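A short worksheet on the structure shown next.
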Amino acid sequence: MENFTFYSPTYFAFGKEQECNCGKLVKRFGGSKVLIHFGGGSVVRSGLLDRVKKSLDEEGISYIELGGVKPNPRSGLVYEGIDLCRKNDVDFVLAVGGGSVIDSSKAIAAGTVYDGDFWDFYEGKPVTKALPVATVLTISAAGSEGSPDSVITKEEGMLKRGASGEAYRPKFSILNPALTKTLPAYQTACGITDIMAHLYERYLTNTKDVEVTDRMIEALLLTMIKEGPIAVADSDDYESRANIMWAGMVAHNNCCGVGRSQDWTSHTIEHELSALYDCAHGAGLAVTMPAVFKYNVDHDVMRFAKVAVRVWGCQMDYDNPKATALAGIDALSKFLSSIGMPKNFEELGAKEEDIEKLAYTCCYGDGSGSGVIGGFVPLKQKDVEEIYKLML
Ligand code: NZQ
Ligand code: ZN
C-alpha cells in the first residue's frame with residue numbers, strides 16, 4: 001500500500017426529512033447570506049426548494065436564488081453565479097440538486113473569491129480557496145456531495161474538464177433517500193452506473209496488496225448489484241434508495257481509493273461523449289466501461305478475473321484466466337443492460353465519424369493535454385480510437 005493522507009471533513013445528515021435542518025446547518029457552518037443554486041426545475045416541482053427556503057427563513061438567514069443548471073453543467077451559468085455572489089455579498093453556496101448543480105455551485109464558490117478566470121481551475125490550477133459549499137442531494141450518482149471535485153463544460157469548444165481541491169469538499173451534505181423517489185427510472189439507472197464506475201476506476205490499480213480497499217470496493221459493487229434493480233423497478237422502495245445513496249457517497253469520497261493508484265480511463269473517455277452529445281454521464285459510462293476493460297484486459301488478467309469471481313460469481317478457469325476475466329466484463333455489460341442502460345454508440349446517440357475528433361480531444365484537450373491518458377494502462381490517441389470503435 002502506498003503512503004496517503006485522507007481528510008474528508010464533510011458533515012452528513014442522512015435520512016427522512018433531513019432537509020428541514022438545512023437552516024440550522026447553514027448557521028452552524030457560518031453562512032449568513034446564501035446563494036441557493038438549483039437545476040431545471042425538479043426541486044421546484046417536488047416542493048423541496050420551498051422546504052429548504054422555509055428552513056433558512058426559520059433561522060433568519062437571507063438568500064438569493066439561481067436556477068437553471070443543466071446536466072453536464074456549463075461555464076455560462078457559473079459566470080452568472082459569480083457575478084451574483086459578488087454583487088450580493090454572498091458568503092455561502094447551497095446546492096439543491098444532483099452532481100451538476102453541486103459542481104456548478106463549487107465552481108461559483110471558487111470563482112467568487114478568485115481574481116482571475118474560474119476556468120483556470122479546470123485547466124489544472126489547484127483549488128485552495130472557495131466560499132463554503134453545502135448540498136441537499138437529490139440523485140445518488142456523481143458523489144460530488146462528499147468529493148473534492150467538480151466537472152464543468154466550457155461552452156466554447158464544448159470542453160468538459162474537472163477541477164479538484166480540498167476547498168471543494170462540502171461543509172455539510174443532506175442525504176435524504178426519499179428525495180430520489182421522483183427520479184425517472186432511467187436517471188436512477190444512470191446514477192447506479194456512475195457509482196459502479198467510480199468503484200471500478202479505483203479497483204483497476206497497479207498497486208499490489210491493497211486487500212482492504214479491494215474488499216471495500218467489492219462489497220459496494222455487490223450492494224449495487226443487489227439494490228440497483230430494486231430501485232429501478234420500484235421508485236418507492238426507500239431502503240434500496242438509502243443503501244444506494246450511502247454507497248454513492250462512500251464510492252467517491254475516496255476512502256476506497258487511498259493508498260493505491262487509480263485508473264479513470266473510462267471517465268476520461270466518457271467525458272468527451274457527454275460533452276459532444278450531451279448524453280447522461282452514467283449512460284456514457286455504460287457504453288464506455290466494457291470497451292475500456294476489454295481493451296485493457298491483457299494488462300492484468302488476474303485483476304479482472306478477481307472481480308469476476310468475487311463480485312460477479314464467475315467460475316475461475318485456472319487454465320484460461322482470461323476467459324474468466326472476460327466473463328466478468330460480460331456480466332457487467334448484461335447487468336447494465338438489464339437496468340436500461342445503452343449498449344453502443346448508436347443507442348447513446350454518438351457517431352462513428354466523430355471518433356478521431358473524440359480521441360484527439362480526449363488526449364490533447366484544447367492543446368493542454370499530455371497526449372497520454374489512463375492510470376492503469378497508459379493510452380495514446382490511437383488506443384482511444386480503438387476503444388471508441390469497440391463501442392460501435
Ligand atoms: O435539473 P433538474 O430539473 O433538477 O433535473 C435533473 C437532471 O435532469 C434530474 N434530477 C435530479 N434529481 C432529481 C431529478 N429529477 C427528478 N427527481 C429528482 N430527485 O436528473 C437529471 C440529472 O441530474 P445531474 O445533476 O446532471 O446528475 P448527476 O448527479 O449524475 O450529475 C452528473 C454530472 O456530474 C459529473 C458528471 O460528469 C456530470 O456532469 N460528475 C461529477 C463528479 C464529481 N464532482 O465528483 C464525479 C463524476 O464522475 C461525474 O463526472
Ligand atoms: Zn462519474
Side-chain angles (χ1 to χ4, degrees), residues 10 19 37-49 67-75 77-78 95-107 121-122 127 133 135-154 158-165 168-170 173 175-202 231 235 241 244-245 248-249 251-254 257 262-275 278-286 288-289:
T10 304
E19 63 275 16
H37 200 30
F38 57 96
S42 72
V43 301
V44 179
R45 289 190 296 279
S46 67
L48 173 63
L49 188 64
V69 180
K70 291 186 180 146
N72 306 313
R74 312 294 153 86
S75 54
L77 196 67
V78 173
V96 184
S100 296
V101 171
I102 301 173
D103 287 1
S104 183
S105 299
K106 288 176 176 178
F121 301 118
Y122 293 77
V127 186
V133 178
T135 85
V136 181
L137 185 65
T138 62
I139 172 172
S140 309
S144 192
E145 66 276 13
S147 84
D149 311 314
S150 155
V151 185
I152 300 289
T153 299
K154 187 182 187 180
M158 292 311 272
L159 277 180
K160 188 172 185 181
R161 293 292 176 265
S164 217
Y168 268 175
R169 293 253 191 207
S173 280
L175 271 51
N176 175 358
L179 297 178
T180 69
K181 289 183 181 184
T182 50
L183 277 167
Y186 181 77
Q187 284 295 344
T188 299
C190 287
I192 289 164
T193 309
D194 193 17
I195 293 168
M196 292 177 81
H198 296 161
L199 294 164
Y200 265 98
E201 299 282 21
R202 292 177 167 91
S235 58
R241 287 176 181 270
I244 292 169
M245 192 167 239
M249 201 301 290
H252 199 47
N253 85 334
N254 209 31
Q262 301 180 13
D263 187 9
W264 298 99
T265 300
S266 298
H267 269 71
T268 311
I269 290 180
E270 188 294 315
H271 280 166
E272 299 311 322
L273 299 172
S274 45
D278 209 13
C279 58
H281 171 58
L285 285 167
T288 307
M289 274 192 288

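Source: prediction; values computed, not measured. Indexing begins at 1, ligand by ligand and atom by atom, following the structure's order.
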Checklist entry - Under 2.8 Å from the Zn ion (ligand 2), is there an N/O/S atom belonging to D194? => result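 Given the 2.8 Å cut-off, D194 counts as a ligand of the Zn ion (ligand 2).
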Next on the checklist: At less than 2.8 Å, would any N/O/S atom of H252, backbone or side chain, sit next to the Zn ion (ligand 2)?
Outcome noted: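 Checking H252: none of its N, O or S atoms is under 2.8 Å.
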Number the atoms of ligand 1 from 1 as they appear, then name those within less than 4.0 Å of a heavy atom of [X], with their elements.
X: H252; answer: 45 (O), 46 (C)
X: A141; answer: 29 (O), 30 (O)
X: T182; answer: 16 (C), 17 (N), 18 (C), 19 (N)
X: G39; answer: 1 (O)
X: H267; answer: 48 (O)
X: T138; answer: 11 (C), 12 (N), 13 (C), 18 (C), 19 (N)
X: P73; answer: 39 (O)
X: H271; answer: 37 (O), 50 (O)

Checklist entry - Quick one: does G282 get within less than 4.0 Å of ligand 1, heavy atoms only? => result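 Outside the 4.0 Å threshold, so no.
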Residue and atom name of the nearest protein heavy atom (relative to [atom]), distance in Å to one decimal:
atom: atom 47 (C) of ligand 1; result: H198 NE2, 3.4 Å
atom: atom 39 (O) of ligand 1; result: K160 NZ, 3.3 Å
atom: atom 22 (C) of ligand 1; result: Q187 OE1, 3.6 Å
atom: atom 35 (C) of ligand 1; result: D103 OD2, 3.7 Å

Nitrogen or oxygen atoms of [X] and ligand 1 under 3.5 Å apart:
X: D149; result: yes
X: P71; result: no
X: G99; result: yes
X: V43; result: no
X: H281; result: yes
X: G40; result: yes

Checklist entry - What's the atom name of the N, O or S in H267 nearest to the Zn ion (ligand 2)? => result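 Looking at H267, the N, O or S atom with the least distance to the Zn ion (ligand 2) is NE2.
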Determine whether [X] and [Y] make a side-chain contact, defined as any pair of heavy atoms from C-beta on separated by less than 4.5 Å.
X: K106; Y: S144; result: yes
X: R241; Y: T188; result: yes
X: L285; Y: D194; result: yes

Item to check | Protein non-hydrogen atom below 4.0 angstrom of atom 45 (O) of ligand 1 present | outcome: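 Under the 4.0 Å cut-off, atom 45 (O) of ligand 1 does have protein heavy-atom neighbours.
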Item to check | atom 6 (C) of ligand 1 touched by protein heavy atom at under 4.0 Å | outcome: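 Under 4.0 Å from atom 6 (C) of ligand 1, zero protein heavy atoms found.
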Smallest separation among heavy atoms of [X] and [Y], with atom names:
X: T180; Y: P177; answer: OG1-O, 2.7 Å
X: G40; Y: R45; answer: O-NH1, 4.2 Å
X: V69; Y: P73; answer: CG1-CB, 3.8 Å
X: F38; Y: V96; answer: CB-O, 3.4 Å
X: G191; Y: A141; answer: CA-CB, 3.5 Å
X: C279; Y: S274; answer: O-CB, 3.3 Å

Item to check | R202 side-chain N/O to H198 backbone N/O, donor-acceptor pair under 3.5 Å | outcome: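 Indeed, once roles are kept as given, a pair shorter than 3.5 Å links the two residues.
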Checklist entry - Is the backbone of K154 close enough, under 3.5 Å, to the side chain of S75 for a donor and an acceptor to pair up by distance? => result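 Answer holds: no.
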Next on the checklist: My understanding is that only residues two or more places apart in sequence, or in another chain, count here; which of them pass salt bridge (Lys or Arg N to Asp or Glu O under 4.0 Å) with E270?
Outcome noted: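 Partners of E270 under the salt bridge (Lys or Arg N to Asp or Glu O under 4.0 Å) test: none.
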Among [options], which one puts a heavy atom closest to [atom]?
atom: atom 31 (O) of ligand 1; options: S100, S42, G98; answer: S100
atom: atom 10 (N) of ligand 1; options: L183, L285, L48; answer: L183
atom: atom 40 (N) of ligand 1; options: A275, S104, A142, G97; answer: A142

Check [X] against ligand 1 and report side chain, backbone, both or neither, counting heavy atoms closer than 4.0 Å.
X: K106; answer: neither
X: T153; answer: neither
X: N72; answer: both
X: K70; answer: neither
X: K181; answer: neither

Next on the checklist: Taking NZ in K70 as the centre, count heavy atoms belonging to other residues, nucleotides or ligands within less than 6.0 Å. Is the count above 12?
Outcome noted: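 Open.
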Next on the checklist: I need the single residue from T268, N72, T153 that forms a side chain to side chain donor-acceptor pair (under 3.5 Å) with K160. Which is it?
Outcome noted: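 Per the side chain to side chain donor-acceptor pair (under 3.5 Å) rule, the option paired with K160 is N72, out of T268, N72, T153.
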Checklist entry - Looking only at side chains, do Y122 and S150 share a donor and an acceptor under 3.5 Å apart? => result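 There is such a pair (donor and acceptor under 3.5 Å, judged by atom type) between the side chains of Y122 and S150.
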Next on the checklist: salt bridge (charged side-chain N to carboxylate O under 4.0 Å, His left out), that's the test. Do D149 and R169 meet it? Break it down for me.
Outcome noted: CA-CA 8 Å; D149 311 314; R169 293 253 191 207; over 6 Å; no
Item to check | Derivation of the side-chain contact (heavy atoms from CB on, under 4.5 Å) call for T10 and N253 | outcome: CA-CA 10 Å; T10 304; N253 85 334; over 6 Å; no
Item to check | Check against side-chain contact (heavy atoms from CB on, under 4.5 Å), H252 and E201 | outcome: CA-CA 10 Å; H252 199 47; E201 299 282 21; over 6 Å; no
